[in-house]
Amino acid sequence: MTDTATAGRALPHPEREEIRLEAVLHALSDPMRLQIVRELAAREAELTCSQFELPVTKSTTTHHFRVLRESGVIRQIYRGTAKMNALRRDDLDGLFPGLLDSLLAAADRQSVRLGDRA
């Protein structure tokens, strides 16, 4: 069976060569988006949007996922009716070696320093 039902629902993503450092840094500069990326990195799995507990409205959550997708930080694909989110670690590590790991480690240190939950 072909995946024509979800093909019409394909979301636009930048190709690897189109990912810009400025866009990635902008996407990760927001605390909610950084929280999403930290959770994706920690779980090392595809997660649905509803699996994230963000203290913002659904429309704001949708905006954050869109910014992450359009910057090339995450890939969103439909699996049935669920929109799955995955970190584009291979692309980011290939383009900007060490950047993602450094940012995630810095976010972890900041979380400990400020007493936030990680």
Side-chain angles (χ1 to χ4, degrees):
M1 180 174 164
T2 62
D3 202 8
T4 55
T6 57
R9 298 170 64 194
L11 299 163
H13 296 83
E15 295 297 324
R16 180 178 179 156
E17 303 77 34
E18 298 171 330
I19 297 173
R20 303 273 318 228
L21 179 60
E22 301 90 333
V24 170
L25 292 175
H26 168 73
L28 296 176
S29 70
D30 181 90
M32 289 299 112
R33 294 192 290 264
L34 184 57
Q35 181 179 336
I36 292 166
V37 170
R38 289 177 73 197
E39 189 158 344
L40 284 170
R43 303 267 296 267
E44 296 183 4
E46 289 182 344
L47 300 173
T48 64
C49 297
S50 63
Q51 288 180 275
F52 295 87
E53 293 182 28
L54 302 175
V56 295
T57 64
K58 185 175 179 179
S59 62
T60 301
T61 298
T62 300
H63 166 75
H64 286 312
F65 279 102
R66 183 175 47 80
V67 170
L68 289 168
R69 176 177 43 83
E70 290 177 352
S71 68
V73 174
I74 66 170
R75 181 165 305 280
Q76 291 186 304
I77 57 170
Y78 281 100
R79 297 217 192 282
T81 58
K83 189 187 295 181
M84 304 303 295
N85 301 281
L87 189 59
R88 291 180 66 175
R89 182 177 276 282
D90 289 346
D91 289 334
L92 295 173
D93 287 346
L95 291 167
F96 316 112
L99 177 68
L100 187 58
D101 287 334
S102 293
L103 288 171
L104 291 169
D108 288 344
R109 287 190 303 273
Q110 176 175 278
S111 182
V112 169
R113 181 173 51 88
L114 298 178
D116 296 341
R117 68 163 219 232

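We use all heavy atoms of the structure for the numbers below, so side chains are in, but hydrogens, waters and symmetry mates are not.
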Is it true that a side-chain atom of [X] and a backbone atom of [Y] form a donor plus acceptor pair closer than 3.5 Å?
| X | Y | answer |
| --- | --- | --- |
| Ser111 | Ala107 | no |
| Thr60 | Val56 | no |
| Gln51 | Thr48 | yes |
| Glu70 | Val67 | no |

**OP:** Not counting sequence neighbours, which residues clear side-chain hydrogen bond (donor to acceptor under 3.5 Å, both in side chains) with Gln76? List them please.
**Re:** Arg69, Asn85

Subject >> Tyr78/Met84 under side-chain contact (heavy atoms from CB on, under 4.5 Å): CA gap, chis, key distance, verdict >> reply: CA-CA 6 Å; Tyr78 281 100; Met84 304 303 295; over 6 Å; no

Original post:
Can you get from Ile77 to Phe52 by hopping between Ile, Leu, Val, Met, Phe, Trp and Tyr side chains that sit under 4.5 Å apart?
Top reply: no

Original post:
Does Leu11 belong to the same Ile/Leu/Val/Met/Phe/Trp/Tyr cluster as Ile36, with side-chain heavy atoms less than 4.5 Å apart forming each link?
Top reply: no

Subject >> Where Ser71 and Ala23 come nearest, the two heavy atoms and their spacing >> reply: CB-O, 3.5 Å

Original post:
Of the non-hydrogen atoms in Ser29 and His26, which two are nearest, and what is the gap between them?
Top reply: OG-O, 2.7 Å

For the atom pair [atom1] ([X]) and [atom2] ([Y]), what is the distance rounded to the nearest 0.5 Å?
| X | Y | atom1 | atom2 | answer |
| --- | --- | --- | --- | --- |
| Asp91 | Ile19 | CG | CD1 | 5.0 Å |
| Ile74 | Arg88 | CD1 | CZ | 10.0 Å |
| Glu53 | Glu39 | CD | CD | 8.0 Å |
| Leu21 | Leu95 | CG | CG | 9.5 Å |
| Leu100 | Leu28 | CG | CG | 7.5 Å |
| Leu99 | Leu104 | CG | CG | 9.0 Å |

Original post:
Are His63 and Arg33 close enough that some pair of their side-chain heavy atoms sits under 4.5 Å apart?
Top reply: yes

When you check the gap from the basic side-chain N to the acidic O, do [X] and [Y] get nearer than 4.0 Å?
| X | Y | result |
| --- | --- | --- |
| Arg38 | Asp108 | yes |
| Arg89 | Asp101 | yes |
| Glu46 | Arg75 | no |

Original post:
Has Glu18 got more than 12 heavy atoms of other residues, nucleotides or ligands less than 6.0 Å from its CD?
Top reply: yes

Original post:
Is it true that atom CZ of Arg16 has more than 12 heavy atoms of other residues, nucleotides or ligands lying nearer than 6.0 Å?
Top reply: yes

**OP:** For the pair Thr62 and Ser59, evaluate side chain to side chain donor-acceptor pair (under 3.5 Å) and give the outcome as yes or no after the intermediate values.
**Re:** CA-CA 5 Å; Thr62 300; Ser59 62; over 6 Å; no

